Asks: 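First, the structure itself, so that you have it in front of you.
These numbers come from a predicted model, not from an experiment.
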Amino acid sequence: ELIINVINKLPKPNEIKSTGVRKGSYYIPATKRLVSRDDKGKETFYHEYGHHVDMGTSDKYRSVNDLFDINYKKDLENIKTVTDGKPFEYVANIVKGKREFDGVSDIFDAFTGGLFRDKYNMVGHGKKYYKMKNNKNYEVYANMFQIISSNNEKVIKETKLLYPNLYEFVLNDLKNI
């Protein structure tokens with residue numbers, strides 16, 4: 001219901017397109033164009049729509065602000081604590097081979113600056129992607145939107161454990177739309 005409310009209240013993308021299996025999924029803020037691969041399922045569509053909510057519905061990106069950054073730093077510390085200082089092992093064990101946890105993996109890849117993908121071959125964008133300013137913010141927001149949209153209790157439970165502050169930040173942002 002929350003996601004339906006958000007989608008109904010905010011301006012729609014200028015174009016929504018699905019593609020076959022060979023083309024990628026992406027969102028282009030300048031043109032408000034959303035492309036989602038058919039073979040990646042609804043989670044990928046939710047992720048790309050999350051980019052639209054973040055980047056394409058106002059003059060300011062919802063994920064680029066001091067409060068987001070404060071919550072990001074809190075969750076960097078939190079993840080070390082809740083995983084007994086072994087976040088790579090913990091997250092890899094949760095996400096490996098489980099498509100529904102791709103968002104959790106992608107967020108952790110942002111937290112590691114792309115190391116989780118590049119070194120551990122997990123879902124994410126890699127180090128090169130995170131050299132660009134604010135990409136970690138964009139990816140975390142889109143993945144949180146995807147996770148909230150999925151309404152998957154197991155995924156939400158792990159997300160709240162690992163990234164409670166950012167989860168609440170995005171959830172509250174969506175509620176305030």
Side-chain angles (χ1 to χ4, degrees), residues 23-30 34-37 40 43-56 60-150 152 154-174:
K23 296 181 181 178
S25 297
Y26 51 87
Y27 177 74
I28 302 171
L34 187 156
V35 177
S36 184
R37 284 174 48 175
K40 292 293 183 179
E43 288 81 8
T44 300
F45 177 80
Y46 290 147
H47 175 92
E48 298 307 332
Y49 208 95
H51 281 305
H52 173 67
V53 171
D54 179 20
M55 302 174 176
K60 295 182 180 181
Y61 291 0
R62 306 176 89 78
S63 66
V64 180
N65 59 64
D66 292 339
L67 187 55
F68 182 95
D69 293 337
I70 289 166
N71 286 304
Y72 185 90
K73 288 175 185 170
K74 286 180 184 178
D75 282 349
L76 274 173
E77 291 305 312
N78 176 71
I79 201 166
K80 294 174 195 170
T81 303
V82 300
T83 62
D84 294 325
K86 297 180 180 181
F88 282 91
E89 295 85 353
Y90 184 92
V91 177
N93 185 51
I94 290 170
V95 304
K96 191 162 186 117
K98 299 174 193 152
R99 182 110 202 272
E100 66 270 24
F101 283 91
D102 284 359
V104 174
S105 180
D106 202 3
I107 293 170
F108 190 66
D109 190 54
F111 274 61
T112 65
L115 185 62
F116 198 49
R117 176 181 176 206
D118 290 353
K119 189 172 180 179
Y120 295 87
N121 200 31
M122 296 294 180
V123 171
H125 287 77
K127 288 192 256 182
K128 183 178 178 183
Y129 181 79
Y130 289 110
K131 288 182 181 179
M132 291 181 271
K133 186 178 180 180
N134 296 323
N135 277 3
K136 72 176 186 334
N137 300 54
Y138 309 148
E139 286 307 313
V140 169
Y141 193 98
N143 282 298
M144 286 297 179
F145 185 89
Q146 170 192 333
I147 289 164
I148 293 165
S149 297
S150 76
N152 182 317
K154 292 178 186 177
V155 175
I156 290 172
K157 180 180 176 186
E158 286 297 335
T159 302
K160 287 179 172 181
L161 174 71
L162 296 170
Y163 323 112
N165 298 290
L166 288 165
Y167 179 84
E168 288 300 319
F169 173 87
V170 175
L171 185 64
N172 288 329
D173 185 57
L174 296 174

Asks: Hey, could you give me the NZ/NZ distance between Lys157 and Lys154, rounded to the nearest 0.5 Å?
Replies: 10.0 Å
Asks: Between Met144 and Tyr163, what is the shortest heavy-atom contact and its length?
Replies: CE-CB, 3.6 Å
Asks: Would the number of heavy atoms belonging to other residues, nucleotides or ligands and lying under 6.0 Å from NZ of Lys86 be above 12?
Replies: no
Asks: Quick one: side-chain contact (heavy atoms from CB on, under 4.5 Å) partners of Ile156, sequence neighbours excluded?
Replies: Ile147, Asn151, Lys160, Tyr167
Asks: First locate atom CG of Leu76, then atom OG1 of Thr112, and finally report the distance between them rounded to the nearest 0.5 Å.
Replies: 10.0 Å
Asks: Keeping the roles fixed (side chain from Thr44, backbone from Ser36), state whether a donor-acceptor pair exists under 3.5 Å.
Replies: no
Asks: Can you name the nearest heavy-atom pair linking Asn143 to Gly103, along with the distance?
Replies: OD1-CA, 3.3 Å
Asks: Please walk me through it: do Tyr90 and Leu162 pass side-chain contact (heavy atoms from CB on, under 4.5 Å)?
Replies: CA-CA 10 Å; Tyr90 184 92; Leu162 296 170; 3.8 Å; yes
Asks: Has the side chain of Asn172 got a donor or acceptor atom that lies under 3.5 Å from a matching backbone atom of Glu168?
Replies: yes
Asks: Can you confirm if the aromatic rings of Phe88 and Phe108 lie within a centre distance of less than 6.0 Å?
Replies: yes
Asks: For residues 116-128, run the donor-acceptor check on the side chains, cut-off 3.5 Å, and write out each pair with its distance to 0.1 Å, sequence neighbours left out.
Replies:
unit_1 : atom_1 : unit_2 : atom_2 : d
Arg117 : NH1    : His125 : O      : 3.0
Asp118 : OD2    : Lys127 : N      : 2.9
His125 : ND1    : Asp106 : OD1    : 3.1

Asks: Working to the nearest 0.5 angstrom, can you tell me the gap between Thr83 OG1 and Leu161 CG?
Replies: 8.5 Å
Asks: Which heavy atom of His47 sits nearest to which heavy atom of Ala142, and what is that distance?
Replies: O-CB, 3.4 Å
Asks: Walk me through whether Asn65 and Asn137 qualify under side-chain hydrogen bond (donor to acceptor under 3.5 Å, both in side chains).
Replies: CA-CA 9 Å; Asn65 59 64; Asn137 300 54; over 6 Å; no
Asks: Flag the pair Ile70 / Asn165 as yes when at least one side-chain heavy-atom distance between them is below 4.5 Å, and no otherwise.
Replies: no
Asks: Could you measure the distance from the CZ atom of Phe101 to the CG atom of Asn152? Nearest 0.5 Å is fine.
Replies: 6.0 Å
Asks: Between His52 and Tyr49, how do the two ring planes meet: parallel, tilted or perpendicular, split at 30° and 60°?
Replies: perpendicular
Asks: When Leu166 is tested against each of Ile107, Leu171, Val140 for side-chain contact (heavy atoms from CB on, under 4.5 Å), which residue passes?
Replies: Val140
Asks: Please report the shortest heavy-atom distance between Gly56 and Tyr27, naming the atom on each side.
Replies: CA-OH, 3.4 Å
Asks: Would you name the heavy atoms of Tyr138 and Ser63 that are closest together and state the gap between them?
Replies: CD2-OG, 3.5 Å
Asks: Please report the interatomic distance OH(Tyr72) to CG(Leu67), rounded to the nearest 0.5 Å.
Replies: 15.5 Å
Asks: Just do the side-chain contact (heavy atoms from CB on, under 4.5 Å) check on Arg62 and Val53 with the steps written out, would you?
Replies: CA-CA 8 Å; Arg62 306 176 89 78; Val53 171; 4.0 Å; yes
Asks: Quick check: closest heavy atoms across Val155 and Glu100, and the distance to 0.1 Å?
Replies: CG2-O, 3.3 Å
Asks: Can you tell me how far the CZ atom of Phe111 sits from the CD1 atom of Ile79, to the nearest 0.5 Å?
Replies: 6.0 Å
Asks: Does the ring centre of Tyr141 sit less than 6.0 Å away from the ring centre of Phe68?
Replies: no
